[in-house]
Amino acid sequence: MTVQTSEPVRIPLTGRIDSGNAPAVEEQLREALAGRENTPVILDAADLNYISSAGLRVILRIRKTHPELTIQNTSPEIYEILEMTGFTEMMTVEKAYRVVSVEGCEEIGRGANGIIYRIDQDNVVKVYRNADALAEIQHEREVARLALILGIPTAISYDVVRVGDSYGSVFELLNARSFSKILADEPEKMDWCLQEYVGMLKRIHGTLVPKGKLPDMRETAIGWARFVRDYLPPEAGDKLVALVEAVPQDDHMIHGDYHTKNLELQGDEVLLIDMDTLAVGHPVFELASIFNAFVGFSELNPEQIKAFQGLDAETARNFWRRALAAYLGTNREEVIRDVENKARIVGYTRLIRRSIRRHGLETEKGRREIEHWKKELLELLEQTDSLLFDRVEEEKEDGSKLEIEAAEENLPQVMDFVESKLAAVDCSPKAEMQIALAVEEIFINIAKYAYAPETGPATVLVEVAEEPVMVTITFIDQGVPYDPLAREDPNVDLPAEDRDIGGLGIFLTKKIMDDVNYEYKDGKNILTLKKNLA
């Protein structure tokens, strides 16, 4: 048995460890660790095919002198033994990973942290650039699950594998094609791709994320700006930082690497992939990333967009501009150009930082790109005083939308919001009480059951029509599908001791409102109440 010289101490376990050879194995381990008490130890079980209770006792005794003991590369059989005996609770035990080769495989996606390959008809693997990517893989799994719960269609990794010197996450994407491939192979589908691309973007940006669940892109962007400030004239550098710091904190979701290689068409369903960059923040940060993907990164070398997205530079720029117009809901060139310039400021800042950190100043190509981006950035800073613009599907001018966490303690805010809208119309005390009762019932139901045992976002829309005077209140959540109207009305004629508990709230709501309607659409529960105030 030999010991590798790397830190921590790595020792391979081979063959069988049973009552017959356990004392000898322990002696070898003690010799290898002599004089290294409390040093972290990795026991490599890649070639261990059997271990008895005698072998387990050896490991326990070694752990007493080396508390930071890890067992790696365990086979499923060995892992099961360690799990049954509680070893996985006492120490870090890592399974052996299936080895996958991507040689000759089609690249279908490329993101900031990895490349996605199709390994067979049904499956793809995302190979991470970081060789020690297990923590990244766990993070991506967690945020992908969160996105799915919040109504964003995505694929969840079902396996972790070794790919060369790194790790990969395996996803099932049956016969899926990226939007980049569709655009390259079927340019006549440009309009369809644009519609779906922008629709998904609006869906992402319309999703309110519970606080603390995702990283804040604003903080990240402030870091970019502070880094780049040192490479700009003082006045320009200070203005850049001030502009980014002035962007308000925003709990709406952004993808962070949203381009056409990260949208997949599987059958008739569009899926968002490469979720490790998921964050929250103002959409200017998202648009900056999109600009870089389609234009900024390849401005001085149009061939780069072909290698990255599979699109020619003209198609990529056309797609970016048309997508921006559709996202903003306008064809007014001055509006589109203004928002594009705001996105370019953040985009160039990110590109400059990225290139410098990757030693761009040490190569002719890198210096040329950095100077180009700096020139553009400085010109934009002279003409821009804010990075803000109106959100897509933002609140109407009368403030008819409230987005809030679906938690019982937020009911007073919801009631105050609805009452403030009713104050603008001639609402009788009786109608006001009835509306308040219905609002309380519906919101509390969402808070208790939509995301249980967690919480999630809810949207309340209040619209008042004048002829006839009618108030419409719409509740939207992204929790589990549930139609409260499908529940059978309680029998109110039964004596109290014979009645079922529950059901009265929605029963009363149906009685006191003029119309109650439910639908499940685009991953959202939508319940609409209408009350005639005439």
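Side-chain atoms are counted along with the backbone in the values below, which use heavy atoms only and exclude waters and symmetry mates. Nothing here was measured: the structure is a model prediction, and the numbers come from that model. Numbers for residues simply follow the sequence, beginning at 1.
In the displayed structure, Glu80 atom CD is contacted under 6.0 Å by at most 12 heavy atoms of other residues, nucleotides or ligands. Within 6.0 Å of CG in Asp165 there are 12 or fewer heavy atoms belonging to other residues, nucleotides or ligands. The 12-atom threshold is not exceeded at CD of Glu89, counting heavy atoms of other residues, nucleotides or ligands nearer than 6.0 Å. More than 12 heavy atoms of other residues, nucleotides or ligands sit less than 6.0 Å from atom CD of Glu219. The environment of Tyr449 atom OH is sparse: at most 12 non-hydrogen atoms of other residues, nucleotides or ligands sit within 6.0 angstrom.
Checked against a 6.0 Å centroid threshold, the rings of Phe319 and Phe294 count as neighbours. Separation of the Tyr167 and Tyr97 ring centroids falls under the 6.0 Å cut-off.
Residues Glu94 and Thr70 have side chains that never bring a donor and an acceptor to within less than 3.5 angstrom of each other. Gln309 and Ser180 share a side-chain donor-acceptor pair at under 3.5 Å. For the 3.5 Å distance criterion, the side chains of Glu286 and Tyr327 fail to qualify, holding no donor opposite an acceptor. Using a 3.5 Å distance cut-off with no hydrogens or angles, the side chains of Tyr451 and Asp477 do not pair a donor with an acceptor. Between the side chains of Asn525 and Tyr518, at least one donor-acceptor pair of N or O atoms lies under 3.5 Å.
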Audit row: Gln478, Ile149, side chain to side chain contact (heavy atoms under 4.5 Å, CB included) steps and yes/no: CA-CA 7 Å; Gln478 299 160 15; Ile149 290 170; over 6 Å; no
Check against side chain to side chain contact (heavy atoms under 4.5 Å, CB included), Met90 and Phe87: CA-CA 5 Å; Met90 293 186 288; Phe87 274 60; 3.7 Å; yes
Salt bridge (Lys or Arg N to Asp or Glu O under 4.0 Å) evaluation trace for Arg177 with Glu186: CA-CA 12 Å; Arg177 292 192 301 156; Glu186 303 175 78; 2.9 Å; yes
Chi angles and distances behind the side chain to side chain contact (heavy atoms under 4.5 Å, CB included) call for Phe443, Ile404: CA-CA 11 Å; Phe443 184 77; Ile404 195 167; 4.0 Å; yes
Evaluation steps, side chain to side chain contact (heavy atoms under 4.5 Å, CB included), between Phe297 and Ile305: CA-CA 8 Å; Phe297 185 70; Ile305 189 65; over 6 Å; no
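Among residues at least two apart or in separate chains, side-chain hydrogen bond (donor to acceptor under 3.5 Å, both in side chains) pairs with a member in residues 314-323 are Asp191-Arg322, Asp312-Thr315, Trp320-Glu340, Arg321-Glu333, Arg321-Glu340.
Counting only heavy atoms from C-beta outward, the side chains of Val346 and His282 never approach each other to under 4.5 Å. Phe227 has its side chain within reach of Ile356: a pair of non-hydrogen atoms, C-beta onward, lies under 4.5 Å apart. Using a 4.5 Å cut-off on side-chain heavy atoms (C-beta onward), Arg229 and Leu240 make no contact. Considering only heavy atoms from C-beta on, Gln249 comes within 4.5 Å of Asp251 through its side chain. Using a 4.5 Å cut-off on side-chain heavy atoms (C-beta onward), Ile152 and Leu278 make no contact. Put simply, the side chain of Glu196 does not reach to within 4.5 Å of the side chain of Leu263, judged on heavy atoms. Contact annotation: the side chain of Phe171 never approaches that of Ile116 to less than 4.5 Å [non-hydrogen atoms, C-beta and beyond]. Looking at heavy atoms from C-beta onward, Val414 lies out of side-chain contact with Glu440 at the 4.5 angstrom threshold.
The closest donor-acceptor contact from the side chain of Thr384 to the backbone of Ser386 lies at 3.5 Å or more, if one exists at all. No donor-acceptor pair under 3.5 Å is formed between the side chain of Asn73 and the backbone N or O of Asp44. No donor-acceptor pair closer than 3.5 Å links the side chain of Thr528 to the backbone N or O of Thr474. Between the side chain of Arg344 and the main chain of Phe291, no donor-acceptor pair closer than 3.5 Å is present. With hydrogens and angles ignored, the 3.5 Å screen pairs no side-chain donor or acceptor of Thr459 with any backbone N or O of Glu403. Using a distance-only test at 3.5 Å, with no hydrogens or angles considered, a donor-acceptor pair links the side chain of Lys239 to the main chain of Leu381. With Tyr258 contributing its side chain and Leu272 its backbone, the two residues share no donor-acceptor pair below 3.5 Å. Using modelled atom types, one side-chain atom of Arg203 and one backbone atom of Gly151 make a donor-acceptor pair closer than 3.5 Å. A donor-acceptor pair is defined here as one N or O able to donate and one able to accept, closer than 3.5 Å; no such pair exists between the side chain of Ser169 and the backbone of Lys126. When atom types are taken as modelled, the side chain of Thr349 and the backbone of Ile345 share a donor-acceptor pair closer than 3.5 angstrom.
By the salt bridge (Lys or Arg N to Asp or Glu O under 4.0 Å) test, Glu369 is found to be paired with Lys365, residues two or more places apart in sequence or in another chain being considered. Among residues two or more places apart in sequence or in another chain, the salt bridge (Lys or Arg N to Asp or Glu O under 4.0 Å) test is passed with Asp338 by Lys342.
Atom CG of Asp257 sits about 5.5 Å away from atom CG of Asn262, to the nearest 0.5 Å. Remark: Arg63 CZ to Met91 CE distance equals 5.0 Å, nearest 0.5 Å. Note that the OG1 atom of Thr260 and the CG atom of Leu194 stand 10.0 Å from one another [nearest 0.5 Å]. Taking CG of Asn130 as the reference point, atom OG of Ser166 lies at 6.5 Å (rounded to 0.5 Å). Separating the NZ atom in Lys213 from the OG1 atom in Thr455 is a distance of 7.0 Å, to the nearest 0.5 Å. Between atom CG of residue Asn123 and atom CZ of residue Arg118 there is a gap of 8.0 Å, rounded to the nearest 0.5 Å.
Scanning all heavy atoms of the two residues, the minimum distance from Phe308 to His259 falls at CZ-NE2, 3.7 Å. When all heavy atoms are compared, the tightest approach of Ile182 to Cys193 is CG2-SG, 3.7 Å. Shortest non-hydrogen contact noted between Pro210 and Glu405 is CB-OE2, 4.4 Å. Leu150 and Pro457 get closest at one heavy-atom pair: CD2-CD, 3.5 Å. Here the closest non-hydrogen pair linking Arg353 and Trp224 is CD-CD1, 3.3 Å. Nearest approach of Thr74 to Ala45, heavy atoms of both residues: CG2-CB, 3.9 Å.
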